[in-house]
Amino acid sequence: MINITLPDSSVRQYEAGVTALDIARSISEGLARNVLSAKIDDEVWDATRAIRRDARVQLLTWNDTEGKATMWHSSAHLMAEAIEQLHPGVKFGIGPDIENGFYYDIDPGEKVITEADLVEIEKKMLELAKEKQVYQRTEVTKQEALKHFTEKGDEYKLELISELEDGTITFYKSGTFTDLCRGPHLPDTGFIKAVKLTSIAGAYWRGDEKRKQLTRIYGITFPKAKELEDYLILLEEAKKRDHRKLGKELELFTFSQKVGAGLPLWLPKGAELRERLEQYLKKVQKEAGYMPVITPHIGNVNLYKTSGHFDKYGADSFRPITTPVEGEAFFLKPMNCPHHCEIFSSKPHSYKDLPIRYAEFGTVYRYEQSGELHGLTRVRGFTQDDAHIFCTPDQIKSEFKAVIKIIMRIFKALDFKDFITQISLRDPNQPEKYIGSTENWEKAENAIREVAAEEGLNAIAVEGEAAFYGPKMDFMVRDALGRKWQLGTIQVDYNLPERFDLTYIGSDNEKHRPVMIHRAPFGSMERFVAVLIEHCAGKFPLWLAPEQVIILPISEKYQNYAEKVSQFLKNSDIRALIDDRSEKTGRKIRDAELRKIPFMLVVGEKEEAENAVSVRKQGSGDLGTFSLEAFATMINDEVKKLQENV
RNA sequence: GCCGAUGUAGCUCAGUGGUAGAGCGCUUCCUUGGUAAGGAAGAGGUCACGAGUUCAAUCCUCGUCAUUGGCUCCA
């Protein structure tokens with residue numbers, strides 16, 4: 001007998017060789033029907049795999065992330081089986097579960113799989129699922145594994161097997177499909193009740209752009225048809241928040257082929273919104289001791305040779321601008337830091353001057369690959385809310401913390417709660433990607449780790465995500481469709497000060513090297529506004545809304561009074577406009593609601609007589625009648641509250 | 001940059017080898033209306049751009065550009 005400890009700490013005894021499914025059955029049939037897999041100690045196993053030792057067992061169902069993962073991983077196998085039956089000879093790469101579903105990378109040979117094929121594959125999957133094919137796990141030797149896939153002629157699987165150690169290799173077979181796989185899997189395919197193959201895309205084998213591009217098919221499955229329906233509705237809802245759609249509808253920004261791909265044009269309302277964000281940050285930065293600087297949009301190529309940007313990115317940048325002078329060339333600036341280094345160099349500094357904080361809303365230009373452009377989140381010309389802090393080594397941590405404080409203040413003011421804090425480190429396997437000494441890198445990385453720990457940030461460390469000159473702390477937020485974007489960033493840099501030979505005079509009257517902190521709380525105005533639009537679904541906080549109030553006269557007779565209200569609000573620093581169309585009030589209200597204008601003021605005979613307005617709040621309806629003064633006070637108080645909500 | 005898809009009126013989209021349609025928006029007129037769509041008329045398109053096939057191309061073929069789902073990249 002073995003002892004099985006359940007999550008509630010109760011211990012039950014079973015025969016050795018018992019399966020998680022048996023355990024579930026011994027608790028209740030209903031539970032057994034829902035068990036997808038099980039966590040045995042800290043490893044997720046098939047629910048049908050024999051347990052031969054004492055263990056902690058947690059049964060996993062659709063309600064568990066790992067349960068879903070099991071479902072989706074098994075679904076990838078099911079899809080592969082369907083594809084193999086419909087298109088014999090297809091070769092398979094990898095087919096993992098992902099955050100929302102699964103994919104399989106396949107090499108269809110001569111055939112091109114298109115979206116039209118997906119419907120057929122879905123149908124086949126459901127057919128096979130109904131057969132309740134059992135997922136059978138077998139342990140195989142490396143030799144057997146190699147033999148199997150040599151016979152099948154699947155070079156991708158052979159490559160994967162060649163990297164595995166003998167004795168750890170398992171196959172899973174379900175129906176007619178056998179795959180190299182670590183598992184775990186569902187007991188059988190019958191759990192898969194609803195299937196949607198969502199998209200098809202090219203994906204390089206092993207993520208290497210020099211290797212063959214396979215066809216990747218993404219899909220998602222559910223244990224109930226209703227859940228699939230709900231998921232699809234959710235996706236539709238998410239699309240409505242897409243900043244590209246809202247940006248157009250709310251007239252915030254646009255693009256023009258004539259201007260060029262990836263070069264955003266801010267429309268008046270978008271510019272209004274952005275300027276308010278900039279003014280807000282300028283105020284915060286002034287309080288925090290930053291000094292404004294302004295630098296040009298181009299810089300001599302030599303500047304970027306010194307900084308290292310030319311070597312690193314020169315080949316993939318906009319071509320240099322040449323001049324009538326032989327050999328002279330300028331670059332569109334891709335970064336503000338080299339310019340700021342030169343500002344620092346413009347005069348000698350004492351340790352007493354440090355830290356020095358230069359801030360600039362600096363517009364930079366980067367030649368992003370054409371396939372990378374995406375709305376406002378990935379563009380070729382954008383404005384960073386950049387600043388560079390030049391400090392002594394022992395000021396790093398306090399300066400770093402002060403920056404975190406600014407970022408948190410902004411995120412809080414805009415109600416960004418779901419962000420990810422990431423420590424972006426070197427890839428230790430690719431030292432050639434970075435400049436500077438190992439010693440400096442370690443110092444910088446340690447400083448960031450220490451700050452993260454001391455500030456109690458729940459940060460995840462990711463290797464290979466650092467900038468080429470230094471490690472970063474990045475603040476990431478997801479867009480409406482779940483894609484992660486980096487917003488705020490703080491970077492510790494020992495390298496540029498060295499390359500620019502920056503110095504300050506210490507108390508010992510010797511020259512010392514300052515450390516540089518690069519930081520941008522918004523990241524870029526473009527990307528930040530994009531994420532902000534999606535975050536609030538276009539319903540901006542009152543202080544940012546390009547149009548705060550719309551006045552709706554009941555009829556033309558009250559046009560004069562509407563003008564008077566408008567003038568009063570403008571004098572009270574409130575952004576108001578009048579809907580003077582010859583339309584009924586219901587229509588004006590509907591249009592204002594759709595334009596997401598925070599407040600609507602209905603004015604007619606009654607309001608004019610009382611010098612009042614009837615207030616309607618976007619999304620929540622009629623608030624009743626207010627005197628003009630009371631309304632203005634209410635708006636101004638709310639704006640003030642929102643801005644100071646920190 | 002790579003693989004796939006898409007590009008028709010300001011917007012959302014339908015459509016056809018014989019040079020085009022709807023709804024919304026816009027303009028004008030009627031209507032002067034109290035909390036999510038009042039009525040009528042009208043204007044508006046080189047069907048992304050360039051070649052090719054054809055008697056004839058918005059439609060078929062090729063190329064370019066842009067958008068888009070991913071991959072790769074992201075100072």
Think [X] has a side-chain N or O under 4.0 angstrom from the OP1 or OP2 of [N]?
X        : N     : answer
A:Lys248 : B:U12 : yes
A:Arg483 : B:G69 : yes
A:Arg244 : B:U68 : yes

What's the gap between [N] and [M] when it is taken at their [atom1] atoms, as a whole Å value?
N     : M     : atom1 : result
B:G50 : B:G44 : P     : 22 Å
B:G69 : B:G63 : P     : 23 Å
B:U32 : B:G38 : P     : 15 Å
B:A56 : B:C26 : C1'   : 35 Å
B:C29 : B:G23 : P     : 23 Å
B:C24 : B:A66 : P     : 35 Å
B:U68 : B:U12 : P     : 12 Å
B:U19 : B:C62 : C1'   : 23 Å

Find the distance [X]:[atom1] to [N]:[atom2] and express it as a whole number of Å.
X        : N     : atom1 : atom2 : answer
A:Ile98  : B:C71 : CD1   : P     : 9 Å
A:Lys312 : B:C73 : NZ    : C1'   : 11 Å
A:Ile200 : B:G4  : CD1   : C1'   : 7 Å
A:Glu583 : B:C29 : CD    : P     : 14 Å
A:Arg595 : B:C24 : CZ    : P     : 19 Å
A:Phe255 : B:A66 : CZ    : P     : 13 Å
A:Arg366 : B:G1  : CZ    : C1'   : 18 Å
A:Asp107 : B:C3  : CG    : P     : 14 Å

Assign [X] to base, sugar-phosphate, or nothing according to its heavy-atom contacts below 4.0 angstrom with the strands shown.
X        : value
A:Ser582 : base
A:Ser614 : base
A:Gln486 : nothing
A:Tyr218 : sugar-phosphate
A:Ser370 : base
A:His374 : sugar-phosphate
A:Gly375 : sugar-phosphate
A:Gln559 : nothing
A:Gly371 : base
A:Tyr469 : sugar-phosphate
A:Glu249 : nothing
A:Gly308 : nothing
A:Arg616 : base

Choosing from [options], which nucleotide comes nearest the side chain of [X]?
X        : options             : value
A:Gln213 : B:C3, B:A36, B:U35  : B:C3
A:Tyr204 : B:C2, B:A5, B:C73   : B:C2
A:Asp622 : B:G34, B:U35, B:G4  : B:U35
A:Ala201 : B:U35, B:A36, B:G70 : B:G70
A:Ser555 : B:U32, B:U67, B:A66 : B:U32
A:Lys557 : B:G7, B:U32, B:G1   : B:U32
A:Arg216 : B:C71, B:G34, B:U67 : B:C71
A:Glu556 : B:G34, B:U32, B:C73 : B:U32
A:Tyr367 : B:C74, B:G33, B:G1  : B:G1
A:Arg590 : B:G33, B:U35, B:A37 : B:A37

> Using a 3.5 Å cut-off on both pairing distances, which stems of three or more Watson-Crick or G-U pairs include RNA chain B?
Replying inline: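 Stems for RNA chain B, defined as runs of 3 or more consecutive pairs: B:1-7 with B:65-71, B:10-13 with B:21-24, B:26-30 with B:38-42, B:48-52 with B:60-64.
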Using distance alone, with no hydrogens and no angle criterion, decide if [X] and [Y] have a side-chain donor and acceptor under 3.5 Å apart.
X        : Y        : result
A:Asn611 : A:Lys564 : yes
A:Glu607 : A:Ser614 : yes
A:Lys248 : A:Thr254 : no
A:His243 : A:Asp479 : no
A:Tyr204 : A:Arg206 : no
A:Thr489 : A:Gln491 : yes
A:Trp205 : A:Asp105 : no

>> Return whichever of A:Pro334 or A:Glu607 has its heavy-atom-nearest nucleotide of RNA chain B closer to the 5' end.
In response: A:Glu607
>> Assuming nearest nucleotide by heavy-atom distance, tell me which of A:Leu373 and A:Lys433 is located more 5' along RNA chain B.
In response: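 Result: A:Leu373.
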>> Taking the ring of A:Phe390 and the ring of A:Tyr358, is the distance between their centroids below 6.0 Å?
In response: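 Here the rings of A:Phe390 and A:Tyr358 have centres that are less than 6.0 Å from each other.
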>> Quick check on the 6.0 Å ring-centre criterion: do A:Phe468 and A:His309 meet it?
In response: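 Yes, the ring centres sit under 6.0 Å apart.
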>> Tell me if the side-chain of A:Gln257 makes a donor-acceptor pair with the base of B:A66, cut-off 3.5 Å, by modelled atom types.
In response: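 Counting by modelled atom types and ignoring angles, no donor-acceptor contact under 3.5 Å is found here.
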> Do A:Arg378 and B:C73 have a side chain to base donor-acceptor pair shorter than 3.5 Å?
Replying inline: yes
> So how far is it from A:Lys124 NZ to A:Ile83 CD1, rounded to the nearest 0.5 Å?
Replying inline: 12.5 Å
>> Looking at A:Lys588 and A:Arg581, would you say the former's side chain and the latter's main chain have a donor-acceptor pair under 3.5 Å?
In response: yes
> Taking A:Gln486 as the fixed residue, which of A:Lys472, A:Arg527, A:Gln422 is the one that meets the side chain to side chain donor-acceptor pair (under 3.5 Å) rule?
Replying inline: A:Lys472
